[in-house]
Amino acid sequence: GLADRLQNTLQKIRGKGKVTEADVKEMMREVRLALLEADVNFRVVKDFIKRVTERSVGQEVLKSLTPGQQVVKVVHDELTTLLGGEQSKIAVNNRPPTVIMMVGLQGAGKTTTTGKLANHLRKKHNRKPLLVAADIYRPAAIKQLETVGGQLSLPVFSLGDQVSPVEIAKQAIAKAKEEHHDYVIIDTAGRLHIDEELMDELQKVKEISNPSEIFLVVDAMTGQDAVNVAESFNGQLGLTGVVLTKLDGDTRGGAALSIKAVTDLPIKFVGMGEKMDALEPFHPDRMSSRILGMGDVLTLIEKAQTNVDEEKAKELQKKMRDMSFTFDDFLDQMGQVKNLGPLDELLSMMPGANKMKGLKNVSIDDKQIGHVEAIIKSMTKLEREQPEIINASRRRRIAKGSGRTVQEVNRLIKQFDEMKKMMKQMSGMMKGKKKGGMKF
Ligand code: GDP
Ligand code: MG
């Protein structure tokens with residue numbers, strides 16, 4: 001796939017201490033082919049190659065990176081830009097409810113994504129969404145949304161299939177106001193192809209419901225078609241964002257790379273499966289890292305350089321190398337991490353982290369940081385330095401001292417172990433690159 005090809009190509013240049021113009025040219029030939037084969041729009045590819053080539057050949061010299069690594073960084077930066085740069089947030093109306101309209105072709109995943117999005121809003125943002133069944137054409141469409149709502153124990157508003165979608169939207173919003181729902185998500189009808197009748201209706205629904213977001217749901221597997229569909233929906237309806245579904249399938253990924261460049265619409269979420277929790281906010285830099293398969297090590301370094309006290313960072317890096325990382329460092333690092341952003345985001349930027357099965361256990365909810373601090377502070381100096389001595393009775397004592405449960409103490413120690421293992425793997429990967437290379 002695209003990721004494999006790009007990774008192989010970048011692997012070749014990554015280790016180079018000197019990069020010639022010919023090297024860059026050769027690499028760009030391969031990158032270009034890989035992108036085209038992934039069904040990325042040819043104009044987008046052309047632009048991309050041009051920008052990367054310019055920046056790679058006349059590159060500004062960053063002392064901490066080898067020329068090969070700098071080229072990788074350029075590719076990564078440009079890929080991130082191509083994917084939309086910053087992560088794009090979901091709108092909130094200051095006068096509730098915030099209305100979100102889901103539109104798209106039949107089978108794209110609107111109904112499923114309506115449920116997933118409601119679930120996401122409830123879980124991540126503690127919101128109370130109302131789902132609205134406004135697809136009155138597809139047989140059983142209302143039933144499908146009701147099933148989804150039932151699974152999630154969320155209310156579904158419907159008036160059957162004899163009332164117009166415009167009227168349904170209107171009444172749904174009135175009800176949401178009455179019952180204090182802060183979000184209303186309208187699941188609309190789709191067709192196999194774009195037609196005027198559909199667009200007309202959607203425009204009317206838009207007028208009556210004044211949505212803060214109109215999300216186009218597109219199937220990533222349809223490649224270039226997804227981009228065309230996005231262009232025409234956007235032209236007629238004025239979209240605010242795109243949800244790319246079925247990225248879990250055997251997709252070539254070209255749609256993700258072209259949509260933003262062609263339509264200038266942000267990709268807000270990606271669908272990664274049929275289940276209700278298979279929706280992820282779209283992070284351009286993470287996606288780019290995922291495609292390039294190197295973890296976002298460069299961004300990590302950049303962030304570390306700007307946000308973290310340099311000396312401390314160096315010390316930490318040395319400790320990572322030497323494997324002498326202790327609970328004290330962990331505590332210390334947590335303080336730093338607070339300035340960097342969510343911990344799971346940070347972890348996802350570490351090289352190889354995406355390939356590690358243990359990552360789930362490592363990630364820590366921000367809210368838990370206070371608890372973690374309490375636990376570590378209840379450890380003795382020796383325990384912090386030599387966690388292997390923390391046996392069952394010590395664990396009980398620590399739990400008592402911190403006001404947390406033994407299970408929480410166990411979990412933290414396990415997470416610490418995972419983190420150490422990860423660091424070991426990282427330092428293994430970075431070996432032989434000490435001279436003039438990244439100093440991890
Ligand atoms: P709609 O016609 O746009 O409302 O599409 P549906 O929500 O009914 O979805 C069509 C099919 O695609 C269903 O079988 C869904 O389970 C499936 N589907 C939707 N999103 C995803 C996804 O992200 N990944 C996978 N694998 N299947 C999905
Ligand atoms: Mg549907």
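Just follow the structure's listing: the first ligand is 1, and inside any ligand the first atom is 1. Numbering of residues begins at 1 and proceeds along the displayed sequence. Remember, it's a predicted structure, so these values are computed and weren't measured experimentally.
- For the pair R411 and F416, the NZ or CZ position fails the cation-pi test of under 6.0 Å to the six-membered ring centre and within 45 degrees of the ring normal.
- Near M272, meaning under 4.0 Å from one of its heavy atoms, ligand 1 places the atoms 23 (O).
- Ranking protein heavy atoms by distance to atom 2 (O) of ligand 1, first place goes to R138 NH1, 2.5 Å.
- Contacts of K116 with ligand 1, taken as heavy-atom pairs under 4.0 Å, involve the side chain alone.
- Here's the thing with A108: one of its N/O atoms is less than 3.5 angstrom from an N/O atom of ligand 1.
- Taking 4.0 Å as the cut-off between side-chain N and carboxylate O, D135 and K110 do not count as a salt-bridged pair.
- With respect to R5 and E30, no salt bridge is recorded, no charged nitrogen being found less than 4.0 Å from a carboxylate O.
- Backbone and side-chain nitrogen or oxygen atoms of T245 are examined, and none is located within less than 3.5 angstrom of a nitrogen or oxygen of ligand 1.
- Heavy-atom contacts from other residues, nucleotides or ligands closer than 6.0 Å to CZ of R43 number 12 or fewer.
- The protein atom (non-hydrogen) at minimum distance from atom 1 (P) of ligand 1 is K110 N, 3.4 Å.
- Of the protein's heavy atoms, Q144 NE2, 2.9 Å lies nearest to atom 8 (O) of ligand 1.
- For atom 26 (N) of ligand 1, the closest non-hydrogen atom on the protein side is D248 OD2, 2.8 Å.
- For the Mg ion (ligand 2), the set of nearby N, O or S atoms under 2.8 Å includes none belonging to Q106.
- In this structure, atom 5 (O) of ligand 1 lies nearest to the protein heavy atom G109 N, 3.0 Å.
- With contacts defined as side-chain heavy-atom distances shorter than 4.5 Å, the pair V184/V132 qualifies.
- Every atom of ligand 1 is numbered from 1 in the order shown, and the set under 4.0 Å from a heavy atom of G271 is 23 (O).
- With distances taken over non-hydrogen atoms, the option nearest atom 10 (C) of ligand 1 out of G107, G104, G273 is G107.
- For ligand 1, the atoms sitting less than 4.0 Å from at least one non-hydrogen atom of L105 are 3 (O), numbered in the order shown with element in parentheses.
- Taking atom 16 (O) of ligand 1 as the reference point, the nearest protein heavy-atom neighbour is E274 OE1, 2.7 Å.
- Looking only at heavy atoms of the protein, atom 18 (N) of ligand 1 is closest to K246 CE, 3.8 Å.
- Ion pairing between K260 and D264 holds under the 4.0 Å rule for side-chain N and carboxylate O.
- In summary, the aromatic rings of F269 and H120 are positioned with their centroids under 6.0 Å apart.
- Protein heavy atom in closest approach to atom 7 (O) of ligand 1: T112 OG1, 2.5 Å.
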